[in-house]
Amino acid sequence: MDNFLTRDNLQKWAPLLVLLALVLFFSVANPNFLSMRNFARISILSTPSLMIGIGVTFIILMGSIDLSMEGAVAVCAVLFAAMFTALGGSLAGWGWLAIVGAVVVGALFGLANGLVHVVLKIPSFMASLSMGFVGIGLSLLITGGDRIRVEDPLFRSLLTYRLGGFPLMVYVALAALLIAGFIQGRTKIGRNFYAVGGGEDLAHASGLNVARVRIIGFAIAGVFYALGAMLAVAQIGIAETVTGRNLMFVSITSVVVGGTALWGGSGGVWNTLVGVLIVNVIGNGMVVMGLPSYVQDGVLGLLVIIAVYLSTDRRSLSFVK
């Protein structure tokens, strides 16, 4: 027991402990929080942000930052909806090709993001922020400011059809999480993400092509942004320029709260799952308790600070910037 109660173990398990504490607190405050219906509601809200968070995780593992996700989600969502409509508007027909098209668009967007960062040697936060604005502009150009409706019952069954009390989109998100976990832990590129984030100079010295790793990382992130965009469209049946609104805050907060270090080299997609659940449990719990939005925001900010403090190893930092 004493061996478990070490600083390293407490920091490692802090996000999960915070999540369990939140569930316990909200359950005591309102027993309705523990209902299957409410858990399903939390899972539905969590699926798009989990996909975006997974993409961001790969970037942060490399010690970079990506602020383009709102633009990427917007352009992927509207292009998916436009292609889906043009291909007949049904998954039973040729509409499934729009899914492939959206994934390709996401990968290309991420690839462009990585190239701007690496080739032009622009800091990742500035390159990605600029690309995010480009994505918003493209989505506005495509839609003309209008909404594109996706009403195919088969596609909307991702939300409407339930298995074990949870909609299909939750299982799609879990399958994507397993794929991300495989990429992270079982592939060379996944191990390279940790190597670059753990020390770029050392990675260079060992012969690793850091530029290529970063570009691939941004491209993979773009694929998960596209998946998040389509799940967001499945939730409400509408694609528009604001489809990705607030996902930047939620996703980055989830990654850091989950225990992935902003300076790179530690953490991963499983941490992000816990972080996404923490953020959405806080939001949902505040609603169940009937608290106004400004109180929700304040409590969320406070608990985020606590969770980040508990999950960050400050011995590895000489100064917190």
Side-chain angles (χ1 to χ4, degrees), residues 39-58 66 68-85 89-91 95-107 109-110 135 139 147-181 183 220-252 254-255 269 272-273 275-277 279-280 283-284:
F39 283 161
R41 187 181 297 116
I42 292 173
S43 67
I44 292 170
L45 292 174
S46 298
T47 50
S49 53
L50 176 60
M51 295 299 95
I52 310 304
I54 288 172
V56 177
T57 300
F58 289 132
D66 189 354
S68 70
M69 62 285 293
E70 291 186 2
V73 168
V75 73
C76 287
V78 299
L79 279 175
F80 163 74
M83 288 186 288
F84 191 80
T85 302
S90 175
L91 283 180
W96 62 271
L97 287 173
I99 297 176
V100 178
V103 170
V104 171
V105 169
F109 189 93
S139 66
R147 296 177 171 182
I148 304 176
R149 295 188 177 276
V150 179
E151 300 176 338
D152 175 39
L154 189 57
F155 178 71
R156 293 303 306 283
S157 68
L158 285 170
L159 175 67
T160 59
Y161 183 81
R162 302 210 169 194
L163 185 63
F166 295 92
L168 285 178
M169 63 191 309
V170 174
Y171 298 99
V172 171
L174 289 176
L177 176 63
L178 291 174
I179 293 172
I183 293 172
I220 293 175
V223 170
F224 284 96
Y225 296 164
L227 293 176
M230 288 184 282
L231 290 177
V233 173
Q235 279 188 355
I236 59 175
I238 294 173
E240 55 185 331
T241 301
V242 297
T243 298
R245 178 179 293 175
N246 295 329
L247 283 175
M248 180 168 66
F249 167 76
V250 172
S251 59
I252 294 179
S254 298
V255 172
V269 296
T272 297
L273 172 62
V276 167
L277 291 176
V279 171
N280 283 280
N284 177 269

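Since we're looking at a predicted model, the values are computed, not measured.
Rounding to the nearest 0.5 Å places CD1 of I252 at 13.0 Å from OG of S49. To the nearest 0.5 Å, atoms CG (L231) and CG (L168) are separated by 11.0 Å. Atoms CG and CZ, from L247 and R245 in turn, are 11.0 Å apart once rounded to the nearest 0.5 Å. A distance of 9.5 Å separates CD1 in I179 from CD1 in I54, rounded to the nearest 0.5 Å. Going from atom OG of S68 over to atom OH of Y225 covers 5.0 Å, rounded to the nearest 0.5 Å.
Residues S251 and M69 come closest through the heavy atom pair OG-CE, 3.9 Å. When all heavy atoms are compared, the tightest approach of A102 to A226 is O-CB, 3.3 Å. Between D152 and L91, the closest heavy-atom pair is OD2-N, 3.0 Å. Of all the heavy atoms in A98 and F80, the pair that sits closest is O-CD1, 3.5 Å. The two atoms that bring F58 and A180 nearest to each other are CZ-O, 3.7 Å, heavy atoms only. Nearest heavy-atom pair across S43 and F166 is OG-CD2, 3.4 Å.
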Chi angles and distances behind the side-chain contact (heavy atoms from CB on, under 4.5 Å) call for F224, T57: CA-CA 11 Å; F224 284 96; T57 300; over 6 Å; no
Please report the C-alpha distance between F84 and F155 in whole Å, then the side-chain angles of each, then the deciding distance to 0.1 Å, and finally whether the side-chain contact (heavy atoms from CB on, under 4.5 Å) criterion is met. CA-CA 10 Å; F84 191 80; F155 178 71; 4.3 Å; yes
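Between the side chain of Y171 and the main chain of L163, a donor-acceptor pair closer than 3.5 Å is present.
Every side chain to side chain contact (heavy atoms under 4.5 Å, CB included) that R147 has, sequence neighbours left out, goes to I238, E240. Listed by chain and number, the residues in a side chain to side chain contact (heavy atoms under 4.5 Å, CB included) with I44 are L159, R162, P167, M169, Q235 (sequence neighbours excluded).
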Return a table of donor-acceptor pairs under 3.5 angstrom between the side chains of residues 70-79 and protein atoms on other chains or two or more places apart.
{"residue": "E70", "atom": "OE2", "partner": "N246", "partner atom": "N", "Å": "3.1"}
{"residue": "E70", "atom": "OE2", "partner": "M248", "partner atom": "N", "Å": "3.4"}

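The side-chain contact (heavy atoms from CB on, under 4.5 Å) test with V250 is passed by exactly one of V279, L45, L50: V279. Results of the side-chain contact (heavy atoms from CB on, under 4.5 Å) test with L177 over V276, L273, T47, T272 single out L273 as the only residue that passes.
Summarising the local packing, CZ of R149 is surrounded by 12 or fewer heavy atoms from other residues, nucleotides or ligands at distances under 6.0 Å.
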